[in-house]
There are 2 protein chains.
Amino acid sequence: MQVKPTSKSANPGSSEDASGLRMTRQRQEVYRVLLAQRDHPTANDVFMRVKDGLPHISLATVYNCLEVLVEHRLVRQVNFEREPSRYCPNLEEHCHFHDQHTGVIHDVKFKPGVRLGDVLDLPNGAVIEDVEINLRGQLSLA
Amino acid sequence: MQVKPTSKSANPGSSEDASGLRMTRQRQEVYRVLLAQRDHPTANDVFMRVKDGLPHISLATVYNCLEVLVEHRLVRQVNFEREPSRYCPNLEEHCHFHDQHTGVIHDVKFKPGVRLGDVLDLPNGAVIEDVEINLRGQLSLA
DNA sequence: GAATCAATTTAGAATAATTCTTGCTATTGG
DNA sequence: CCAATAGCAAGAATTATTCTAAATTGATTC
Ligand SMILES: [Mn+2]
Ligand SMILES: [Mn+2]
Ligand SMILES: [Zn+2]
Ligand SMILES: [Zn+2]
């Protein structure tokens, strides 16, 4: 994933990437901490981590940055039940397994060749734009 | 699904059903409303519908009733993104498709014989207690 | 049937994640 | 440089949900 500093774009005359995202210091740092520790942090987790590099950043800005990163599909928003949203920079098609013993959220990939229409009895004419699969359970090492 | 009035249990000496649920008027009415119109209403939707039969019921009680019905697995709580929770009395294994054109949430069943482990590359030793699959898209009748 | 006693209900207050508002600053393109 | 647009920060507002505390219910025991 290309992250261009605001003022040195490969796209002359614009600091925006192809999708129109202006990569400001705040957005860059938010994205950087998401890549650095891929443990599905909450917005507040991100806020605390980003403050190391940008001590004056506000929580509202972290929310703004996360929102724009999600809109531009650099980051996925992950919602378990009604808990605070978590953020995931893994762009591969995958779903999430919440180990309730450790609290860890694991990325889970689909087995190769699996099509959604193969396993679900979708309504006729359904065009799926977004799929969210969340699992809860435990990792028993028995 | 059996719904027993509080005072006439088949279990002598107790008004509770096998799982320990005391079916009060409020819980009965909340459950009845969910069965009567299976459109995945929010807690507030349920509140408004239940007031027809129990004009003095409070929203807190509706939340309490829904919580206990979910705990006792008579009702499923359905969460799309960070929208208000919705409630579903369909106990068959199924998932949800949100048609963003109409706003309708459809129940979607799995094709027969599909096992989760067949399609997902689960971590070794993972014991899944709960699965939540949410789809967003449109029903184009083309 | 009255006393007991825990479970339930209710109204309203509190909570907390998120969003909004507003004024300021930075960046862009000309 | 200038004007216009976009982004940021601080704090207020929103809102679904949960909590608190007091009243009520109703099942069980006397
Ligand atoms: Mn956290
Ligand atoms: Mn509704
Ligand atoms: Zn992930
Ligand atoms: Zn359903």
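Atoms considered below: every heavy atom in the structure, side chains included; atoms not considered: hydrogens, waters and symmetry mates. To find a chain, count down the sequence lines: A is the first, B the second, and so on, and within it residues start at 1.
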Exercise. Send over the distance from A/Q77 CD to C/dA17 P, rounded to a whole Å.
Key: 14 Å
Exercise. Select one nucleotide: of C/dT8, D/dA9, C/dA11, the one nearest the side-chain heavy atoms of B/T24.
Key: C/dT8
Practice problem: Output the single nucleotide from D/dT17, C/dT10, C/dA7 whose closest atom is nearest the side chain of A/R82. | Solution: D/dT17
Practice problem: Take atom CG of B/N79 and atom P of D/dT15, then tell me their distance rounded to the nearest Å. | Solution: 19 Å
Quiz item: Starting at CG of B/L59 and ending at P of D/dT15, how long is that distance when rounded to a whole Å?
Solution: 14 Å
Quiz item: Which nucleotide sits closest to the side chain of A/T61: D/dA9, C/dA7, D/dA6?
Solution: D/dA9
Quiz item: Hey, which of these two, B/V62 or A/P84, hits DNA chain C nearer its 5' end, going by closest nucleotide?
Solution: B/V62
Quiz prompt | Among C/dA11, D/dA6, D/dA10, the nucleotide that comes nearest once only the side chain of A/A60 is considered | solution = D/dA10
Quiz item: Whole Å only: how far is the CG atom of A/L21 from the P atom of C/dT27?
Solution: 15 Å
Quiz item: Between atom NE2 in B/H56 and atom P in D/dT24, what is the gap in whole Å?
Solution: 13 Å
Self-check item: Working for side chain to side chain contact (heavy atoms under 4.5 Å, CB included), residues A/L120 and B/F110
Solution: CA-CA 4 Å; A/L120 297 181; B/F110 299 95; 3.3 Å; yes
Quiz item: Rounded to whole angstroms, how far apart are CG on A/N44 and P on C/dT18?
Solution: 9 Å
Quiz item: Would B/T61 and B/N64 count as having a side-chain donor-acceptor pair, cut-off 3.5 Å?
Solution: no
Exercise. Could you work out which one of C/dT27, D/dA10, D/dT17 sits closest to the side chain of A/S58?
Key: D/dA10
Practice problem: Using ring pair (Phe, Tyr, Trp, His ring centres under 6.0 Å) as the criterion, point out the one residue from A/H96, A/H98, A/H106 that pairs with A/H40. | Solution: A/H96
Quiz prompt | Candidate nucleotides D/dA9, C/dT10, D/dA6, ranked by approach to the side chain of B/I57 - the nearest | solution = C/dT10
Practice problem: Could you check how far OH of A/Y63 sits from P of C/dT18, rounded to whole Å? | Solution: 4 Å
Exercise. Could you tell me whether a side-chain N or O of B/H94 sits under 3.5 Å from a main-chain N or O of B/D107, the two making a donor and an acceptor?
Key: no
Self-check item: Value in whole Å for how far the C1' atom of C/dT8 lies from NE2 of B/H72
Solution: 13 Å
Quiz item: Reckon B/N64 touches a base, only the sugar-phosphate, or nothing at all at heavy-atom distances under 4.0 Å?
Solution: base
Quiz item: What's the closest nucleotide to the B/C65 side chain, out of C/dA7, C/dT9, D/dA9?
Solution: C/dT9
Quiz item: Which nucleotide in the list D/dA9, D/dA16, C/dT9 gets nearest to the side chain of B/R27?
Solution: C/dT9
Exercise. State plainly whether one hydrophobic cluster holds both A/L66 and A/V33, where clusters connect Ile, Leu, Val, Met, Phe, Trp and Tyr through side-chain heavy atoms under 4.5 angstrom apart.
Key: yes
Quiz item: So what does A/Q26 touch, heavy atoms closer than 4.0 Å: a base, only the sugar-phosphate, or nothing?
Solution: sugar-phosphate
